[in-house]
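Input: a single structure, listed below in C-alpha cells.
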Amino acid sequence: MGLPERAIIIAYPNNPQESVSAGTTSTCTAAMAFTLFQSTLFSKPSLFSHRRSFAFCIQFSSFSTASAFPSDQFHHHKKWRQPVASVLELGGVKIAKDEIVRDDPTNNVPDSIFSKLGLQLHRRDQHPLGILKNAIYDYFDTNYPNKFDKFDDLCPIVSTKANFDDVLVPADHVSRSYNDTYYVDSETVLRCHTSAHQAELLRGGHTHFLVTGDVYRRDSIDSTHYPVFHQMEGVRVFTPADWEASGADATTYAAEDLKKCLEGLARHLFGGVEMRWIDTYFPFTNPSFELEIYFQDDWLEVLGCGVMEQEILKRSDRVDNVAWAFGLGLERLAMVLFDIPDIRLFWSTDERFTSQFSKGQLGIKFKPFSKYPPCYKDMSFWISDSFTENNLCEVVRGIAGDLVEEVKLIDNFTNKKGMTSHCYRIAYRSMERSLMDEEINDLQWKVRDQVETKLKVVLR
C-alpha cells in the first residue's frame with residue numbers, strides 16, 4: 001500500500017540563502033596568497049516500533065524509528081517558538097530547532113544544517129535538480145508505464161537501523177562514525193542516502209519504486225562537495241515467473257535487466273555516448289557495478305548499482321524474489337549537464353542563477369554571472385589525536401557559510417617530539433558579490449578562535 005501524503009511548511013524570515021547586496025566595491029587584496037521524514041548512494045568515498053519522540057515523522061508514513069528523544073521532550077507545540085526560522089511545521093506538528101540541534105554529546109547537527117531541512121530543491125520544477133529528477137521520471141514513465149511508484153517527500157530523519165542495518169552496512173564501517181554522519185542522537189540520524197527507506201518500502205508492498213531526497217554527510221569543502229546533496233534510488237523486484245521463462249538464473253536475469261534499463265537512462269540524459277561497466281563492491285548488492293560514460297573527452301561515473309543482496313529481501317519477507325537497485329547523485333549529473341562549476345550554486349537564490357533555468361529544459365548551459373576573485377587565508381596549528389578534517393570543515397562552514405569555497409591541506413610535518421602540524425589554506429569567495437578585506441579578516445579571526453576552542457588544537 002502507498003505511503004500517505006505529507007506536507008511541510010518552513011518559515012524563513014531572514015533566509016540565509018538570500019543574496020546579499022553587492023554594494024561593496026573593495027575586493028580582497030589577498031587574491032594570490034523537512035518534507036521531513038540520499039556523489040551517489042553507491043559513491044566510493046562513503047556508503048555508506050513507534051515511539052513518541054519522532055511521532056512527527058512516524059504519523060505520516062509506515063516507517064518506524066528507534067527511540068530518539070525522551071518522551072517528555074517532545075510534544076505538539078501550541079505556538080511558534082522564536083525565532084520563527086528555528087521552527088519547522090510538518091503536517092500540523094511543529095518541530096523546534098532545539099529538538100534537532102541540541103547541546104548533547106550524541107548530537108552533532110549544526111544550525112547551518114538545520115536551516116537546509118525542508119528546502120526541497122529536488123521538488124522545484126524550474127531548479128536544475130528538479131529538472132533532472134523530472135527527466136529521469138519521464139524515462140521511467142515512457143519505458144515502464146504505470147510501474148514505478150515515486151517518492152520525493154520522505155522524512156530525512158531516520159533511525160540508525162534504517163540508515164545502516166537494514167542495508168547491511170557493516171557495524172565498523174566509517175560511514176557510521178560521528179565524523180561522517182549527522183546524529184540527532186545515538187539512534188537517530190539525518191539520512192546519509194535514500195536507501196534508508198528501501199527496506200520499509202519493500203515491506204510495505206512496493207516492488208518498483210524511485211526515491212528522491214536530500215541527504216546529509218559531513219564532508220570536505222570544495223567545488224564538488226557539500227554537506228547536503230540529493231540522491232535518487234531505484235528498485236525493481238522480480239518474481240520467479242519473470243526469470244524462469246527466460247531460461248536464465250535469477251541473478252543473471254536481474255543483472256541483464258538492470259544494465260539494459262540504465263544504459264537507456266544514460267542515453268536519455270546524455271545522448272548517444274560510449275559506455276562501460278566497471279565491477280565493484282557494495283555491501284548491499286552482489287554483483288555490483290558502476291556505469292561510466294565517455295562525455296566531454298573524459299570518463300564520467302554516472303551511478304552505482306547491482307543485484308540486491310538476498311538478505312535484504314529475506315528481511316522484507318521476499319525470500320522467493322530477486323531485485324536490482326541503483327543510486328545516483330543529482331548534483332554530480334546536473335553539474336555536468338548544465339555546466340554548473342560550483343556545487344554551492346544549487347543553493348543560490350540570486351535571480352542571475354535561478355532565471356537561467358526553465359521547467360522541462362534539460363541541459364541548458366549555465367552562464368557565469370560573476371568572476372569575483374578568491375581571498376586566501378592560511379592557518380597552521382599543532383593537531384590533537386582527535387583532530388579530523390571533517391570537524392575542521394564543520395567549524396569553517398558554521399562561521400563562513402557559503403562564502404567559503406575550499407579548505408585545503410597545503411603542508412604537514414611531524415617534529416622530533418612527535419607533534420604533527422597541519423597548514424590549511426582557506427579560500428573565501430562569494431558567487432554573487434565582491435568581498436571586503438575587513439569582512440574576510442573578521443571571519444578568519446572567528447575561524448581561528450573556534451578552531452582552537454572546539455578542536456583542541458594549538459595555533460602556530
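Both backbone and side-chain heavy atoms feed into the values below; hydrogens, waters and symmetry mates do not.
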I'd like to know if the side chain of [X] and the backbone of [Y] have a donor-acceptor N/O pair within less than 3.5 Å.
| X | Y | answer |
| --- | --- | --- |
| Asn390 | Arg218 | yes |
| Thr285 | Ser288 | no |
| Arg429 | Tyr372 | yes |
| His197 | Val211 | no |

Test applied, side-chain hydrogen bond (donor to acceptor under 3.5 Å, both in side chains); reference residue, Tyr428; option that passes from Glu439, Gln444, Lys377, Glu405: Gln444

Asn108/Tyr182 under side chain to side chain contact (heavy atoms under 4.5 Å, CB included): CA gap, chis, key distance, verdict: CA-CA 6 Å; Asn108 64 351; Tyr182 290 107; 4.1 Å; yes

Mutual orientation of the aromatic rings belonging to Phe284 and Phe282 [parallel < 30°, tilted 30-60°, perpendicular > 60°]: parallel

Kindly assign one of parallel, tilted or perpendicular to the pair Phe366 and Phe357, based on the angle between their ring planes and the thresholds 30° and 60°.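 Correct class here is parallel.
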
On a heavy-atom basis, which atom in [X] and which in [Y] lie closest, and how many Å separate them?
| X | Y | value |
| --- | --- | --- |
| Cys305 | Leu258 | SG-CD2, 3.7 Å |
| Asn163 | Val169 | O-CG2, 4.4 Å |
| Arg176 | Ala171 | CD-O, 3.3 Å |
| Val101 | Asn107 | CA-OD1, 4.1 Å |
| Thr224 | Met335 | CG2-CE, 4.3 Å |
| Leu121 | Leu129 | CB-CD1, 4.1 Å |

Pairing residues for [X] by the side-chain hydrogen bond (donor to acceptor under 3.5 Å, both in side chains) criterion, not counting sequence neighbours:
| X | value |
| --- | --- |
| Ser386 | Ser384 |
| Thr420 | Thr414 |
| Thr388 | Asn179, Asn391 |

For residues [X] and [Y], determine if any side-chain heavy atom of one lies less than 4.5 Å from a side-chain heavy atom of the other.
| X | Y | value |
| --- | --- | --- |
| Phe413 | Cys423 | no |
| His173 | Phe164 | no |
| Ser195 | Val167 | yes |
| Ser186 | Tyr178 | yes |
| Leu337 | Ile131 | no |
| Arg217 | His225 | no |
| Val396 | Tyr424 | no |
| Val184 | Val189 | no |

Could you walk me through whether His230 and Phe346 pass the ring pair (Phe, Tyr, Trp, His ring centres under 6.0 Å) check? CA-CA 11 Å; His230 299 77; Phe346 289 110; 8.3 Å; no

Check ion pair Glu432-Arg352 (N to O, under 4.0 angstrom):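 No, no charged N to carboxylate O under 4.0 Å.
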
Would Lys446 and Asp442 pass as an ion pair if we require N to O under 4.0 Å? yes

Worked verdict on Ile340 versus Gln356 for side chain to side chain contact (heavy atoms under 4.5 Å, CB included): CA-CA 11 Å; Ile340 295 173; Gln356 294 191 35; over 6 Å; no

State which residue, out of Arg191, Lys314, Lys161, fulfils the salt bridge (Lys or Arg N to Asp or Glu O under 4.0 Å) condition with Asp166. Lys161

For the atom pair [atom1] ([X]) and [atom2] ([Y]), what is the distance rounded to the nearest 0.5 Å?
| X | Y | atom1 | atom2 | value |
| --- | --- | --- | --- | --- |
| Arg397 | Asp111 | CZ | CG | 15.0 Å |
| Asp298 | Glu292 | CG | CD | 9.0 Å |
| Leu328 | Leu265 | CG | CG | 7.0 Å |
| Trp299 | Ile278 | CH2 | CD1 | 8.0 Å |
| Asn441 | Met436 | CG | CE | 10.5 Å |
| Leu345 | Met431 | CG | CE | 4.5 Å |

Assess whether atom CD of Glu438 is packed by more than 12 heavy atoms of other residues, nucleotides or ligands within 6.0 Å. no

Just do the side chain to side chain contact (heavy atoms under 4.5 Å, CB included) check on Tyr137 and Met232 with the steps written out, would you? CA-CA 11 Å; Tyr137 280 1; Met232 179 184 290; 3.9 Å; yes

Taking only residues two or more places apart in sequence, or in another chain, which ones meet Asp342 in a salt bridge (Lys or Arg N to Asp or Glu O under 4.0 Å)?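 Scan of Asp342 (salt bridge (Lys or Arg N to Asp or Glu O under 4.0 Å), adjacent residues dropped) gives Arg344.
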
Test side chain to side chain contact (heavy atoms under 4.5 Å, CB included) on Leu269 and Leu132; report intermediate values, then the result. CA-CA 9 Å; Leu269 297 177; Leu132 176 56; 3.9 Å; yes

Quiz: residues 452-460 side-chain donor-acceptor pairs under 3.5 angstrom, not counting sequence neighbours:
residue : atom : partner : partner atom : Å
Thr453  : OG1  : Asp449  : O            : 2.9
Lys454  : NZ   : Gln450  : OE1          : 3.4
Lys456  : NZ   : Thr453  : O            : 3.3
Arg460  : NH1  : Ser421  : OG           : 3.0

Using a distance-only test with no angle check, is there a side-chain donor-acceptor pair under 3.5 angstrom linking Asp214 and Tyr216? yes

Residues which pass ring pair (Phe, Tyr, Trp, His ring centres under 6.0 Å) with Phe148, listed by chain and number, not counting sequence neighbours: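 Partners of Phe148 by the ring pair (Phe, Tyr, Trp, His ring centres under 6.0 Å) criterion, ordered by chain and then number, come out as Phe140, Tyr144, His208.
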
Within the 6.0 Å centroid threshold, strictly below: His206 and Phe151: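 Yes, ring centres under 6.0 Å apart.
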
